[in-house]
Amino acid sequence: QQQVKQSPQSLIVQKGGISIINCAYENTAFDYFPWYQQFPGKGPALLIAIRPDVSEKKEGRFTISFNKSAKQFSLHIMDSQPGDSATYFCAASKETSGSRLTFGEGTQLTVNP
Amino acid sequence: NAGVTQTPKFQVLKTGQSMTLQCAQDMNHNSMYWYRQDPGMGLRLIYYSASEGTTDKGEVPNGYNVSRLNKREFSLRLESAAPSQTSVYFCAGEFGTGAVYGYTFGSGTRLTVV
C-alpha cells in the first residue's frame, strides 16, 4: 500500500519555466514532509521540508505548498534550470527524529535549455 | 569526512548466491536505514536500526537480514538472492533533531541477480 502518492512520474520543462510536482498522503498522523533531490548515480539528498503548521515554505527557487485539509503538498521550482534536472521524491513521516520516512514514487524532471 | 559509504558499488549475483552489502558512517548517526529503489516504486524501506544492537523490519524485509554490531556499521545480507532482488540499494543515516531532520544517503549499490 503506497501511503504517499506522487505525480507526475516524469516532467519536461523549458528553462525559466515553473516545475510543479504533487504529492498526496493518506495517513493523517504524518507531520513532517520533506522533499529529496537525486542526481544520476547518487543517493537522494534533502532539499526542503515543511511541517503542517504552515501552508508554505520557500527556500530560494524552491517552494513547498501544503494543504492539510486535502492531505496534499507540492514542490514548485521557479525559474527552472538545466541543473535542476534530477529525480525528486516527496516523503512523509509521523514523528521527528528516529522516525521512518515513507517516500513517494519519484518524479524525473528534465529541464531543457 | 566521507558521510555514508556503501560497498560495493556494483554487483552481479547468480540466483541462490549470498552476499552482504556494507554500509559505514562517520557522522555519529544513531538511526540507520536500508532502502531499495526500483523504477516507478520510489524508495522502499527494508530494515532500519534505531540504535546500536537494535534492528526492525520495514516495508519489504523478506529475503533480507541486517546487522548493526556497532554505531558506525549497518550491513544488509541476502542469504539466497532472487531476480526480484535486482535493485539499487541505499543505506542512510539520520541527522538532526526537532524541527528539521533528514537522511544522509550513501551513493548506492546496484545489484543485478541473474
Side-chain angles (χ1 to χ4, degrees), chain A residues 1-11 21-27 30-54 57 59 62 64 86-108, chain B residues 2-7 9-10 21 23 25 27-52 54-61 66 87-110:
Chain A
Q1 181 184 3
Q2 190 72 31
Q3 293 194 58
V4 178
K5 296 199 67 65
Q6 184 173 344
S7 63
Q9 188 171 6
S10 63
L11 180 62
I21 305 170
N22 301 298
C23 282
Y25 63 97
E26 299 172 1
N27 192 336
F30 286 150
D31 67 355
Y32 183 69
F33 304 90
W35 285 87
Y36 281 75
Q37 179 188 54
Q38 182 184 31
F39 293 106
K42 303 292 185 182
L46 179 65
L47 181 63
I48 186 173
I50 196 169
R51 291 198 175 278
D53 53 341
V54 296
K57 183 172 182 179
E59 291 185 3
F62 299 90
I64 300 178
T87 299
Y88 292 81
F89 293 97
C90 62
S93 65
K94 297 180 188 179
E95 305 160 5
T96 54
S97 62
S99 180
R100 294 159 284 167
L101 285 171
T102 298
F103 286 87
E105 299 93 330
T107 296
Q108 187 165 350
Chain B
V4 177
T5 302
Q6 291 184 237
T7 55
K9 292 188 182 300
F10 301 94
L21 280 63
C23 175
Q25 54 105 353
M27 302 177 75
N28 203 35
H29 296 308
N30 286 319
S31 298
M32 297 184 73
Y33 304 83
W34 275 105
Y35 282 86
R36 60 177 288 174
Q37 182 177 4
D38 302 289
M41 303 191 75
L43 294 153
R44 292 182 293 166
L45 181 64
I46 305 171
Y47 269 94
Y48 66 102
S49 170
S51 61
E52 176 183 343
T54 67
T55 61
D56 281 293
K57 295 178 180 180
E59 181 185 356
V60 289
V66 291
S87 187
V88 181
Y89 291 85
F90 287 99
C91 175
E94 184 182 300
F95 66 86
T97 57
V100 178
Y101 82 101
Y103 293 176
T104 301
F105 283 88
S107 295
T109 296
R110 184 175 294 274

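Every chain is numbered from 1, with letters handed out A, B, ... down the list of sequences.
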Engineer: Given heavy-atom pairs under 4.5 angstrom as the criterion, report whether the side chain, backbone, both or neither of B:L43 touches chain A.
Structural biologist: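 Both parts, backbone and side chain.
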
Engineer: Taking the side chain as C-beta and beyond, is there a heavy-atom pair between A:S93 and B:Y101 under 4.5 Å?
Structural biologist: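 A:S93 reaches B:Y101 side chain to side chain.
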
Engineer: Non-hydrogen atoms of chain B under 4.5 Å away: do they reach the side chain of A:Q38, the backbone, both or neither?
Structural biologist: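 Answer is side chain: those atoms of A:Q38 sit under 4.5 Å from chain B.
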
Engineer: Counting only non-hydrogen atoms closer than 4.5 Å, does B:Q37 touch chain A with its backbone (N, CA, C, O), its side chain (CB onward), both, or neither?
Structural biologist: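 For B:Q37, the side chain is the part near chain A, not the backbone.
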
Engineer: To the closest 0.5 Å, what do you measure between OH (B:Y33) and CZ (A:R100)?
Structural biologist: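 So the OH of B:Y33 and the CZ of A:R100 are separated by 8.0 Å.
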
Engineer: Taking side chain to side chain donor-acceptor pair (under 3.5 Å) as the definition, give me every residue that meets it alongside A:Y88, ordered by chain and number, with sequence neighbours left out.
Structural biologist: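 Counting only residues at least two positions away or on another chain, A:Y88 forms a side chain to side chain donor-acceptor pair (under 3.5 Å) with A:Q37.
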
Engineer: Is any side-chain heavy atom of B:Y103 closer than 4.5 Å to a side-chain heavy atom of A:L46?
Structural biologist: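 No, every pair of side-chain atoms sits at 4.5 Å or beyond.
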
Engineer: With sequence neighbours excluded, tell me which residues meet ring-ring contact (aromatic ring centres under 6.0 Å, His included) with B:F90.
Structural biologist: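 Testing B:F90 for ring-ring contact (aromatic ring centres under 6.0 Å, His included), a comparison that skips the adjacent residues, returns none.
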
Engineer: For A:P44, is it the side chain, the backbone, both or neither that has a heavy atom under 4.5 Å from a heavy atom of chain B?
Structural biologist: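 Its backbone and side chain both get close to chain B.
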
Engineer: Within this structure, what is the CZ-CZ distance for the pair B:R44 and A:F103, rounded to the nearest 0.5 Å?
Structural biologist: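 With rounding to 0.5 Å, CZ (B:R44) is 13.5 Å from CZ (A:F103).
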
Engineer: For the residue pair B:G42 and A:F89, what are the closest heavy atoms and their distance?
Structural biologist: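 Closest approach of B:G42 to A:F89: CA-CE2, 3.7 Å.
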
